[in-house]
Structure formats: C-alpha cells, structure tokens
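In this text the structure is predicted, and so the values were computed from the model without any measurement.
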Amino acid sequence: MTIQIFNSLSRQKEPFVPLEEGKVKIYVCGPTVYNFIHIGNARPVIVYDTVRRYFQYKGYDVKYVSNFTDVDDKIIKAANEMGEEVSELTERFINAYFEDITALGCKKADVHPRVTNHMDDIIEFISVLIEKDYAYESQGDVYYRTRKFDGYGKLSHQSIDDLKVGARIEAGEKKDDPLDFALWKAAKPGEIHWSSPWGEGRPGWHIECSVMAREHLGDTIDIHAGGQDLTFPHHENEIAQSEAYTGKTFARYWMHNGYINIDNEKMSKSLGNFVLVHDIRQQLDPQVLRFFMLSVHYRHPINFAQDLVESAKSGLERLRTAYSNVQHRLTTTTDLLDNGDEWTQKIAEVKKQFEDAMDDDFNTANGISALFELARIANTYLNESNTEERVLKAFIETFDQLGEVLGIQFKVENHILDDEIEALIEERNNARKNRDFAKSDEIRDKLLAMNIVLEDTRQGTRWKRGL
RNA sequence: GGCGGCUUAGCCAAGUGGUAAGGCACGGGUCUGCAACACCCUUAUCACCGGUUCAAAUCCGGUAGCCGCCUCCA
C-alpha cells in the first residue's frame, strides 16, 4: 500500500509519490549546537529516524540529510560566556548530540552538513538572489525581499498582509520592509566572520538550510521535516529562498511534529523545566524514552511526566518479556506441534496491521498496538505444551523486524548466565524437587536481591534481570 | 486581531460517517508448592448545546475550557 503523509502544505494526507521511483530524499532541520539537546529536540530526531526506517523497511533507497547550524547569535553568546572559541563549543555539542541520539536508537544521517563548511555555497546562493532582485544589500547586511515572492505564506497558510501586523520593526531598521529577513549579517566587532562581497559577516538563520538541502539533495527534495514551530518563519523563508533561486518546487511534502510539555507546561527557561537528554538517560533507559515518544502520534503534543514514562516502561517490559519467553522456549522446543500454519498466519496478520498503521501517516501508536497483539499471540502460543521451532523463530523474526522499524530492541542484552546464578538456580530446583520450599524461596529471595527474577515454567526455570 | 490545534474509561492513547483499538493501573478467575510470567473476564456512548443523516466520537453551526504560531524556539 502507498504511504500516506500529512503534508503541511495542503493540510491533508496525501499518497506519497517520490520524485524518483524507489528513492526518497529527506531533509530534517537539525539543531543549533550551543547546548545539550533537550527532549523536545529529541522528538523530531526520533520521529524522522522512524520515518526513515519505515521507508527503508518498505524497500526505498533513502538519502537522509540533517544539518548542524554551527554559527548564529546564540552560539556566539554561549561561546563568549564559556570563554571558548565558537568552533570548540560547537564541536563539543556536536559530539554530545551524536552520543545522545545514538543512545536514543537513532541512526546518523547520511550527511550532517555544517553551515561553516558551506560558506562559499551560501555566498553564491545569496549573490544569485541579489542578481534576481529577490535580495538587496543594506549596510553590510543582505535582506530577502519577502513581498516579491508570490508564494510567501503558502506553508503557514498566512496571508502576507496578516503577517505584517505582527512583524516587529526594530530600531535602526535597515530593511526596506519589516517583513524582509536577513540572509547575511554584518559582523559586529570581535564576532566570528567570513568575507563576502558585502563585507565581513555571517549567514542569517534560514539560508543555510536552503543551501545545504540543495547542495546535498538537489533542487527539489521529497520530504522536508522539522518541529511545528519551524513552520513559520523558518520553513516559509526556506521556500522563499529556494524557489526564488531555482524556480522549482523546493520540497514536495512537509512534515511537522508536535511539542513536548513537561508536567503539562511548556518547557521554558523561566520555568527551569528543561529536560536534557544527556541527563535523563542516566536515570531512564533511553529505549523507554523512545518507546514513550512513539506511543503518541507524531503530530500530537506529548506530555512528559514521571508516571506516564513509568507506564510506558511497563508496556515495553511486557514486550521484552514476551520476546525473551519465546527465546527461552526456543532452547527447549520439542517440535511436536503440527498446526504451525495457523500461527504463522496470525503473525502475518499482525505484520499487516503494523504496516497499515505505519502507512497511515506513520501512526506509530497503532504500530505499537500491533506489537502488543504480537506479544499476546506469542504468549498464547507459549501456553501450548508443544511448540514448533519455525513458529517460534517467526515470532522472533517479526519482533526484530518491526522493532527495527521503530528503533526499539526487544532483545535484552546481558543475558549470559553467570556461574553463581546458574548454581543457585540449580540448587533451588533441587530443593523444589525435594519439596523443600523454605529453602527454595530463600534462594529465590537471594537472587531477587541480586536483581534476578525467576520464573518457573514447564520447560524449566527461566530468569531475567529486573528493570 | 489573523491562522491553527486540542477536549475519548482512573491515567495514557488510537479511531475522522456505520453503533468505541491498544497500553498502564484496578478488580475477579485460571495457571503455580507459593510467587513471577502469562492467559481469560470485567471497566467509556467520546467537553456541552443544536443541526444534517437511515446512521456521528467522527460532518455543519454554536458554547465552554486548554494550547500553539504570527520572525529566539524541535
């Protein structure tokens, strides 16, 4: 089935038809690297990583580009405060970014372009806009002539005249029109700067994405994505820049994810409720965080709160338990059952259910419910006294495949039996045979104190580490 | 002022015309030496009012509350 994508341009779901058959070109607006990322920054990374994984699952050849904005006002300010060079600061936080997103199960993009590596391209791009009279120089700055671009407002569905009401007019205005925005900013004394035809300076905020998207993906890309708040002005301005430059459609599908609130409040500096990924992953399995985020549709807001995360954790635990229970049976299976087709059929249905959910604008919430269904079926199957190896393997394979799409692993690592535990389990089983339950329970408690949870089954005792 | 979103069981969350998925928590049952895991059962008419329709949580109009964007912002 065709994937349906909610396109912010049309405000409705549209069947996804790639520009080039079998290929998808995706550009996701990346972070401005002046601090560790917070969980709000993490949401788009997780969401679009999942989008990308699903395209790959469907057999698409995906080229995924996500930038680093490594020079801007906030970075300069932070570098000054820290007393370090801009490049040192950004390097630090780029490394931290990779650590964070890797922990969250996100793959690196195919390309992570940086603004500072594209200065020539940016300057060339701006020069062309000036030539075409879409931009003008003013006292060392360069501004985009917003009113000249006919489609302005088509993404955010604002009419240009309504925007004017809200536009700020700052003191010492160098713009012809308040709606115009900066492509190039003249450097203030002591600021990091690059040479350009308009003097020493640095790029404005929006130009880098237009330039780097084109540089790495071409004039027209399939999907451009980012947080909801980037719709205006950032993405609107990107469209204006790129389409003025190329005369072609910039991005065919625009995807925007919703916000994250903390305990029902917006994250803000004044409230001091920023949750950094770097911090939270010390206390919380990052897979749980990812699972939690994917349990809500990407366009809806998420409320981040302790009890909600706990409940997501219990859910993920259930899936993992089902997985390891199948694995356990795989070590003892007797291959006597002869009705495997009935079960592989059920597995196929779950897979279909999952794909239908994901085809529908990447509805991961429903995709996850398909996984719970898979777990239920698997557990029911395990209640059979005899099982077939191929069916058990089909369960494992399906868990792995669908988990791969979501970036969630159900397989729990660290499952090596250590000798001491093994010996204790054996001792306990001997005690149970002798109906010495006092001793048996004592050993179980002892193991529990070591965070080892025992489960007795007809196929023997299995164990797992508590979470 | 302009544009947009949200309101579904105790909590979370799908569902955008045909009579409410799933998860967490709770209760009951089965399994177990006990437990754990698991399975089964039980739990809502969808903020409110009105309209359209054979049929609405789903469409239209209105009311209330909450929220976002309108050049810092994922």
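The aromatic ring centroids of A:His206 and A:His235 lie 6.0 Å or more from each other.
Rounded to the nearest Å, the gap between the C1' atom of B:rU7 and that of B:rU58 is 14 Å. Going from the C1' atom of B:rG23 to that of B:rU8 covers 15 Å, rounded to whole Å. Only the P atoms considered, B:rU16 is 15 Å distant from B:rA47, to the nearest whole Å. Nucleotides B:rG50 and B:rA56, compared at atom C1', are 14 Å apart to the nearest Å. Comparing the C1' positions of B:rG18 and B:rC59 gives an interatomic distance of 14 Å, to the nearest angstrom. Across the P atoms, B:rG62 and B:rC3 are found 13 Å apart, a figure rounded to whole Å. Comparing B:rA36 with B:rG28, their P atoms sit 13 Å apart, to the nearest whole Å.
Residue contacts for A:Thr457: at a heavy-atom cut-off of 4.0 Å it reaches no nucleic acid atom on any strand shown. Residue contacts for A:Arg376: at a heavy-atom cut-off of 4.0 Å it reaches the sugar-phosphate backbone alone, with no base atom in range. Within 4.0 Å of A:Asn325, counting heavy atoms only, lie sugar-phosphate atoms of the nucleic acid but no base atom. Using a 4.0 Å heavy-atom distance criterion, A:Arg462 is classed as a base contact. At a threshold of 4.0 angstrom between heavy atoms, the contacts of A:Arg11 are confined to the sugar-phosphate backbone, with no base atom among them. Looking at heavy-atom distances under 4.0 Å, A:Leu454 makes contact with a base. Within the 4.0 angstrom heavy-atom criterion, base atoms lie near A:Gly40. Counting non-hydrogen atoms under 4.0 angstrom, A:Gly258 reaches a base of the nucleic acid. At a threshold of 4.0 angstrom between heavy atoms, the contacts of A:Asp73 with the nucleic acid are absent. Counting non-hydrogen atoms under 4.0 angstrom, A:Ile260 reaches a base of the nucleic acid. A:His38 comes within 4.0 angstrom of a base, heavy atoms only. Across all strands, A:Arg329 comes closer than 4.0 Å to no nucleic acid atom at all (heavy-atom distances).
Checking B:rC73, B:rC39, B:rC34 against every side-chain atom of A:Asn383, the shortest atom distance belongs to B:rC39. Distances were taken from every side-chain heavy atom of A:Arg432 (C-beta onward) to each of B:rC34, B:rC11, B:rU71; the shortest belongs to B:rC34. Proximity note for A:Lys266 (side chain, C-beta onward) versus B:rC39, B:rG68, B:rC34: the nearest is B:rG68. Among B:rC34, B:rA36, B:rC72, the nucleotide with an atom closest to any side-chain atom of A:Val453 is B:rA36. Among B:rC37, B:rG33, B:rC24, the nucleotide with an atom closest to any side-chain atom of A:Thr321 is B:rC37. The side chain of A:Phe232 lies closest to B:rC70, out of B:rC70, B:rC37, B:rG22. Of the candidates B:rC37, B:rA36, B:rA74, B:rA74 carries the atom nearest the A:Met267 side chain, counting heavy atoms from C-beta on. Proximity note for A:Gln158 (side chain, C-beta onward) versus B:rA74, B:rA35, B:rC3: the nearest is B:rC3. Of the candidate nucleotides B:rC72, B:rA13, B:rA35, B:rC72 has the atom nearest to the side chain of A:Trp205. In this structure, the nucleotide among B:rC69, B:rC34, B:rA21 sitting nearest to the side chain of A:Ser369 is B:rA21.
Rounded to an integer number of Å, the gap from A:Phe274 CZ to B:rA74 C1' is 10 Å. As rounded to whole Å, 22 Å separates atom P of B:rC37 from atom CD of A:Glu384.
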Output a table of nitrogen or oxygen pairs between the protein and nucleotides 16-18 of chain B separated by less than 3.5 Å.
none

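With hydrogens and angles ignored, no donor-acceptor pair closer than 3.5 Å exists between the side chain of A:Asp229 and the base of B:rG68.
Relative to the six-membered ring of A:Phe98, A:Lys108 meets both conditions, a distance below 6.0 Å and an angle of at most 45° to the axis. Cation-pi geometry between A:Arg432 and A:Phe437 is not met at under 6.0 angstrom from the ring centre and within 45 degrees of the axis.
Each of A:Asn379 and A:Asp307 was matched to the nucleotide of RNA chain B holding its nearest heavy atom; the match closer to the 5' end belongs to A:Asp307. Of the two residues contacting RNA chain B, namely A:Asn257 and A:Arg458, the nearest-nucleotide position lying further toward the 5' end is that of A:Arg458.
Scanning for salt bridge (Lys or Arg N to Asp or Glu O under 4.0 Å) contacts around A:Asp110 gives A:Arg52, with sequence neighbours left out.
The closest side-chain heavy-atom distance from A:Pro31 to A:Phe68 is below 4.5 Å. Side-chain contact between A:Tyr97 and A:Val45 is present, with at least one heavy-atom pair separated by less than 4.5 Å. Side chains of A:Glu208 and A:Thr69 form a contact here, defined as non-hydrogen atoms less than 4.5 Å apart. Proximity of A:Trp184 to A:Tyr143: side-chain heavy atoms (C-beta onward) are nowhere separated by under 4.5 Å.
The side-chain contact (heavy atoms from CB on, under 4.5 Å) test with A:Leu371 is passed by exactly one of A:Leu316, A:Leu402, A:Thr398: A:Leu402.
Contact annotation: A:Arg318 side-chain N/O to B:rC39 OP1/OP2 distance is under 4.0 Å.
In this structure a side-chain-to-backbone donor-acceptor pair under 3.5 Å is missing from A:Glu236 to A:Pro233.
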